[in-house]
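Encoded as structure tokens, the structure appears first; notes follow it.
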Amino acid sequence: MNYGSLSIVGLEKNTGKTECLKYVLERLPLAHKRVAVTSIGIDGESVDQVTRTQKPEIVLREGMYFGTSEMHYRQRKLLSELIDVSDESTSLGRVVTARALTPGKILLSGPSSGSGLRRWIAHTQQHGIDLVIIDGALSRLSSASPAISQSMILATGAAYSANLTTLVQKTKHVVDLVNLPLTSEANLTALTPLEKGVWSIDIDGELHEVNGTTSLSQQLHFDGMDRCATLYVAGALVDSLLEKVRQHPTLRKCELVVRDFTKIFVDQRLFTQFLRGGGRVTVLQKSKLIAVTVNPTSPSGYRLDSDTLCEKLTEVIKLPVYDLLKEQQCN
Amino acid sequence: MQLKNVIESPCGLRYMLDELELQSGYARRWLLETEMMTTAEDVEAAYAVLRKFAAFVQQVDKTYITTLQFKLQKLKDIRTTIKNLHGGAILDDIELFEVKHLAILSTDVAKLLLAHGMEGVVAIPDLSPVITILDPDGMKIATFYIYDSYCEELKDLRKAMRSNPDEQEALLAQASELEAQVRADLSRDLRPFTASVEQALTSLARIDVFLAKALQMQRWGLCFPTLSATDVTRYEGLFNPQVLDALARVRKTFQPVDIEFGSTPTLITGANMGGKTVVLKTLTLCQYLFQYGFGIPAAAASITLRDEVHFCIGDDQSVEKGLSSFAAEMKHIDAVIAASRRGGRLLALIDEPARTTNPTEGTALVEALLDVLGNGQLSLVMTTHYDVSARGAHCLRVKGLENGQMNYQLVDAPAGEVPHEALNIAESLGIDQQWIGRARQLLERNRDKNPERHII
């Protein structure tokens, strides 16, 4: 694996994210790589705190590095060597970094915010870490933001939707967002420094700020933008904004740029309509989606057919799809 | 008075602190908690150390400074751990790690400074006994766990754990009892070094602060002040770093000024936009910088020590507190008068007192203030727009417009001479001609009525 940081995110609780993390950790070659594991926020509880279903504990192998809170470090069930005490604090104390000297179980509770996580990752590089694996938070994709991790694995399953067709569609939507193409080099240079507001680049390549309002504002006006070639939304792309863009005679054909896929909060149907109407959406930063895993069982006990699910998903998203529990049973 | 209590003074002290290249959060906290120096010995000692650091940053290679800064970035605030150790608590792994980390860091920094003849400039206690306790295998790396070498029995247990993964949890429970004993022993052995560990923590913060101050001096060309033997404070080529930076961004330069003041009150008059407020801000800033041991933004400075510094400027914050700007200002100056009655070495800098009221009463208030405060009990520098009689004050004025260009120099002014350049300046700003022209007509008419009044 050549991606310096990997996020494992689930589309819903109980889609098998922790199983996936366990699967990856068990199989990583550690001989020539230094691997560190952490989570965004609290994770690794032995029982799922929302649905009370059994959750696998996180088992580390000897030599693995990990980041967790002071409190969970004190409760660790393995022998480990402290490497660093960081300035990142969580409700459970500061985040400490250590190396496992024996295999064993640990509760992971890493930095609680995306920016804290980013600082922690940058900091671990001082210890020669080759790969950081991040256990993403419940139904939050923010830790998979390319600003934090270079690559991701997406866990989906019956917990997200118990209807196979809906599940495939909804998963495809997320995959499509993750795979949105990068914008042009020229746009990257011009737009990357802009951290807020809505901006336009006209057909002459001139950059303008649109009304100086935020992307959430209802008062955003697109008057006099007939020469707009690229529209950049630095903050969140929401339904009302996309609807306005879609109804504008010029903007609907423009290139719509967002920072990364985690900034898109748009209804799937509206997004599809926009693309069908000739709209184009690109991103400034992109992470590499490596694989999709499925958990065909929902917490209520409902089971989808694993083979059909994997097959259908592979067909529409054109990426490897794994049912990890099934694979383990087969091995 | 701690630095954190005056950091928000409208004189711009916060900018100086924000622009300081401090490497650790702890050094910043330590600096904010330093007391204002009020004795000659403290000030001289502080500048003696800063001089060595200033010479050091001039002489050594930039990469060497970066190495030192990189080390200082690792400084952590472990005061809670030190307090626990001092109080007889048994330290846990994280706390033991922190002590070891600090011990190794302080040894590394001491070595770096020794290599450039800086040993002893800031005394760093020898923490090698602490390292020996926490590094039984002599690995010399800042990581920590309860090492096998601390306890033979623990070593055997861990061996068993590795060979019997199934019994790991039971063995782990046994091991943790042994580990607890080791922690108790280590804490007992470390306790005699508590004071040294605490001193090392402070010393590293001081080194971080001195290094940052020295680099700041180099960046802006700040000077070392001399301690004035009299009550006269004198600046040559005084400048304001924040205004200098702001002007540099629009490709303009700052015109430095010379000024001195002592126990005779100093009254500065001058045109609008003549930089009077900037002068007053900078004087306040410099007084604080001096008494907290920073470089001074001037070509040369000789400064008198003060027990208290009062800076009164009509700021908008008072309006937020629900006071009118006049009420806020009156209360602020009232506090200065009360302080002057208590005695002590005071410096009061008052910007355009009574500016918001009518000129008749305003002038009376300013003149009366000169009478009340101008008795030599405190050093007073005041700016005004009003035609006040000098009442024994030393009067300075901003040179003002020269061929359409502002000359910010301060020159001696005859008593009572107040420049009348507001209309010229307004014109140079391109303000509405009808308005300014009409004002001129009204002035002419008044002059005809009162020919003895001196109006341009």
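Naming: A, B, ... by sequence-line order, numbering from 1 per chain. Side chains included, hydrogens not; waters and symmetry mates left out as well; all remaining heavy atoms used. Bear in mind that the values here come from a model prediction, so they are computed numbers and not experimental data.
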Examine the side chains of A/Ser109 and A/Thr68 and answer whether a donor and an acceptor come within less than 3.5 Å of each other.
-> yes

Determine the option with the most heavy-atom pairs under 4.5 angstrom with chain A, choosing from B/Glu179, B/Arg162, B/His101.
-> B/Arg162

Is it the backbone or the side chain of B/Asp93 that comes under 4.5 Å from a heavy atom of chain A, or both, or neither?
-> both

Check: A/Leu82 and A/Tyr73 side chains under 4.5 Å, non-hydrogen atoms | yes

How about A/Leu25 and A/Arg61: do any of their side-chain heavy atoms sit closer than 4.5 Å?
-> no

Would you say the side-chain atoms of B/Glu33 and B/Gln2 include a donor-acceptor pair closer than 3.5 Å?
-> no

Against chain B, label A/Thr97 side chain, backbone, both or neither, depending on which of its atoms sit under 4.5 Å from a heavy atom there.
-> neither

If one checks every heavy atom of B/Tyr26 against chain A at 4.5 Å, the contacting part turns out to be neither

In terms of heavy-atom pairs under 4.5 Å with chain B, the winner among A/Arg94, A/Glu62, A/Arg99 is A/Arg94

When you measure from the side chain of B/Ser196 to the backbone N and O of B/Leu127, does any donor-acceptor pair fall under 3.5 Å?
-> no

Please assess A/Asn295 against A/Glu19 for the test side-chain hydrogen bond (donor to acceptor under 3.5 Å, both in side chains), listing each intermediate value before the final yes or no.
-> CA-CA 9 Å; A/Asn295 175 10; A/Glu19 271 299 321; over 6 Å; no

Where does A/Val96 contact chain B at under 4.5 Å (heavy atoms): side chain, backbone, both or neither?
-> side chain

Check whether B/Leu172 gets within reach of chain A through its side chain, its backbone, both or neither, counting any heavy atom under 4.5 Å.
-> side chain

